[in-house]
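Structure, as structure tokens:
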Amino acid sequence: MFLKKGVMSEMTKINREHKDRLFTFLFGEKGHKEWTLSLYNAVNGTDHMDPDNIEFTTMEEAVYMGMKNDVSFTLCHVMNVYEQQSSYNPNMPVRQLMYAAKLYDKYIQQKKLNIYGRKLARLPIPKLVVFYNGMEGARDRILKLSDAFIQEGNQLEADIEARVRMININYGKNESLLASCRPLGEYSWLVAQIRENRRTMEIEQAVDKAIQDMPENFEIREFLIGHRAEVKDLCITEYNEAETMQMIREEGREEGREEGREEGNIATLYDLYSDGDITLQRAAIKAGMSESAFLEAAKEIIGT
């Protein structure tokens, strides 16, 4: 859903590096492991009961030289790497693979495992998940690292694969999942309310009203009200991030359309020149190029 604005509380300043999403604030907190456990159970169809078995492993940027993830934790020999995205990103498999490699390295050091010996080093099972709540209508899917491999003229089989499960958590989607994890369903409701309010309000007011209108029986309500300033900052951060990404995509699409028009114009002029309807000099002038540049551009476009 939703970059740094306003004065942050002291707690926020301390933990800022790995807490710039509301999703992380809700599901990556040691004080609310029961919400993380509920999310894990909903995603995996399990019924684990003891949240104290959760060990958070979320990476902080300061420690991992620019790498940070939203939420990661181990539970019952499963390494869970969770990301929340408000913009569809097909590169999540390679990102999640890099996160997982760092987490495995940390795990191996902590457990003092010998990966150079004859005994098999036992590792937790990786589960990579993206919780998507953007506005592009992306469907649930499995994103695969192998989709990014360059295959042109290459028949070799890849030796590495990573699969990331992408789940749409927008309000009204995956209702069974949202019902199975009340905090996730309530978070989804909050995001939808903020978006609706944003139609007529500035983002600060939109967040305030969404929290104010939250039903009193919501599990996350008291927590959000108690941390209203930080929650507002997190929402503003994420909203501005999503808005910026949308603007970049729109600019990219417009540049693509403009480039397409230019290429179509050059191709048409080259056809007229090839058919003898206009001279090379006239075609180049129409394209705003020198004759040699026009021929070179036409060669690239048409393949002549």
Side-chain angles (χ1 to χ4, degrees), residues 1-9 12 19-29 32 35-36 38-39 42-43 70-71 82-89 92 129-141 166-253:
M1 177 186 70
F2 305 105
L3 280 154
K4 296 180 182 177
K5 271 190 179 182
V7 179
M8 304 290 286
S9 68
T12 307
K19 199 179 292 176
D20 49 24
R21 293 184 185 277
L22 180 56
F23 180 90
T24 306
F25 195 47
L26 291 173
F27 298 104
E29 284 286 313
H32 287 104
W35 294 351
T36 311
S38 176
L39 181 60
V43 168
D70 288 339
V71 178
Y82 289 174
E83 289 290 300
Q84 179 264 312
Q85 292 282 304
S86 55
S87 298
Y88 171 65
N89 188 334
M92 288 312 299
V129 183
V130 169
F131 297 92
Y132 172 80
N133 64 350
M135 298 297 290
E136 300 168 83
R139 68 184 187 279
D140 292 6
R141 67 185 74 177
M166 189 175 86
I167 305 172
N168 191 323
I169 58 168
N170 277 300
Y171 196 64
K173 303 289 186 181
N174 283 308
E175 294 181 353
S176 177
L177 175 72
L178 298 184
S180 298
C181 177
R182 282 190 59 190
L184 183 65
E186 294 165 6
Y187 163 77
S188 178
W189 179 92
L190 179 69
V191 172
Q193 287 297 114
I194 292 173
R195 283 182 177 148
E196 181 62 29
N197 295 342
R198 188 65 180 89
R199 296 176 185 270
T200 57
M201 305 174 188
E202 293 299 319
I203 181 61
E204 293 91 343
Q205 289 73 38
V207 175
D208 270 333
K209 181 167 175 51
I211 295 176
Q212 176 184 325
D213 293 344
M214 181 173 286
E216 292 189 5
N217 66 338
F218 272 23
E219 286 188 28
I220 67 173
R221 185 176 186 272
E222 184 178 349
F223 179 72
L224 295 183
I225 290 175
H227 298 81
R228 185 187 293 262
E230 185 168 13
V231 169
K232 186 187 297 187
D233 185 81
L234 293 169
C235 291
I236 291 169
T237 294
E238 195 167 341
Y239 183 88
N240 288 346
E241 178 186 89
E243 199 171 58
T244 300
M245 291 301 296
Q246 180 65 25
M247 183 173 64
I248 291 172
R249 284 193 297 273
E250 287 297 330
E251 289 177 353
R253 281 194 284 267

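Bear in mind that the values here come from a model prediction, so they are computed numbers and not experimental data.
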Query raised in the report: What about Phe131 and Phe23, are their ring centers closer than 6.0 Å?
Result: yes
**Report entry** Side-chain donor or acceptor of Gln193 paired with backbone N/O of Met214 under 3.5 Å
**Finding:** no
Requested in this report: With side-chain contact (heavy atoms from CB on, under 4.5 Å) as the test, would you mind laying out the steps for Thr36 and Tyr82 before giving the verdict?
Outcome: CA-CA 11 Å; Thr36 311; Tyr82 289 174; 5.6 Å; no
Query raised in the report: Could you state the interatomic distance from CD (Gln212) to CG (Asn197), rounded to the nearest 0.5 Å?
Result: 10.0 Å
Requested in this report: Could you tell me which non-hydrogen atom of Cys181 sits nearest to which non-hydrogen atom of Phe27, and how far apart they are?
Outcome: SG-CE2, 4.3 Å
Query raised in the report: Roughly how far apart are Asn217 CG and Glu186 CD, rounded to 0.5 Å?
Result: 7.0 Å
Query - Side-chain heavy atoms of Met92 within contact of Met166, under 4.5 Å - result: no
Query raised in the report: Between CD of Glu230 and CZ of Phe25, what distance do you get to the nearest 0.5 Å?
Result: 3.5 Å
**Report entry** side-chain contact (heavy atoms from CB on, under 4.5 Å) against Ile211, all qualifying residues, sequence neighbours excluded
**Finding:** Leu190, Val207, Ile225, Arg228, Val231
Requested in this report: Give a yes or no on whether the backbone of Met201 and the side-chain of Arg198 come within a donor-acceptor separation of less than 3.5 Å.
Outcome: yes
**Report entry** Closest approach of Cys235 to Ile194 (non-hydrogen atoms, all atoms of both residues)
**Finding:** SG-CD1, 3.9 Å
Query raised in the report: Taking everything shown except Gln205 itself, do over 12 heavy atoms lie less than 6.0 Å from its CD?
Result: yes
Report task. Search all heavy atoms of Gly137 against all heavy atoms of Tyr132 and return the closest pair with its distance. Result -> N-OH, 3.9 Å
Report task. Output the distance between atom CD1 (Ile203) and atom CZ (Arg195), rounded to the nearest 0.5 Å. Result -> 10.0 Å
**Report entry** Side chain to side chain, Leu224 and Leu22, heavy atoms closer than 4.5 Å
**Finding:** yes
Report summary line: For Arg221 and Glu216, the nearest pair of non-hydrogen atoms, with its separation, is CD-CA, 3.6 Å
Report summary line: Nearest heavy-atom contact between Tyr88 and Glu136 is N-OE2, 3.1 Å
**Report entry** Worked check of side-chain contact (heavy atoms from CB on, under 4.5 Å) between Leu26 and Gln84
**Finding:** CA-CA 12 Å; Leu26 291 173; Gln84 179 264 312; over 6 Å; no
Requested in this report: Determine the interplanar angle of the His227 and Phe223 rings, folded into 0 to 90°, and report it as parallel if under 30°, tilted if 30 to 60°, perpendicular if over 60°.
Outcome: tilted
Requested in this report: Under the ring pair (Phe, Tyr, Trp, His ring centres under 6.0 Å) rule, collect the residues that match up with Phe218, sequence neighbours excluded.
Outcome: Trp189
For a quick test of your reading: what N or O donor-acceptor pairs under 3.5 Å do the side chains of residues 171-178 make, sequence neighbours left out?
residue, atom, partner, partner atom, Å
Asn174, ND2, Asp140, OD1, 3.3
Asn174, ND2, Asp140, OD2, 3.0
Asn174, ND2, Asn168, O, 2.7

Report task. Please report the closest heavy-atom contact between Ser38 and Arg182, naming both atoms and the distance. Result -> OG-N, 4.2 Å
Query raised in the report: Donor-acceptor pair, Glu83 side chain versus Val130 backbone, under 3.5 Å?
Result: no
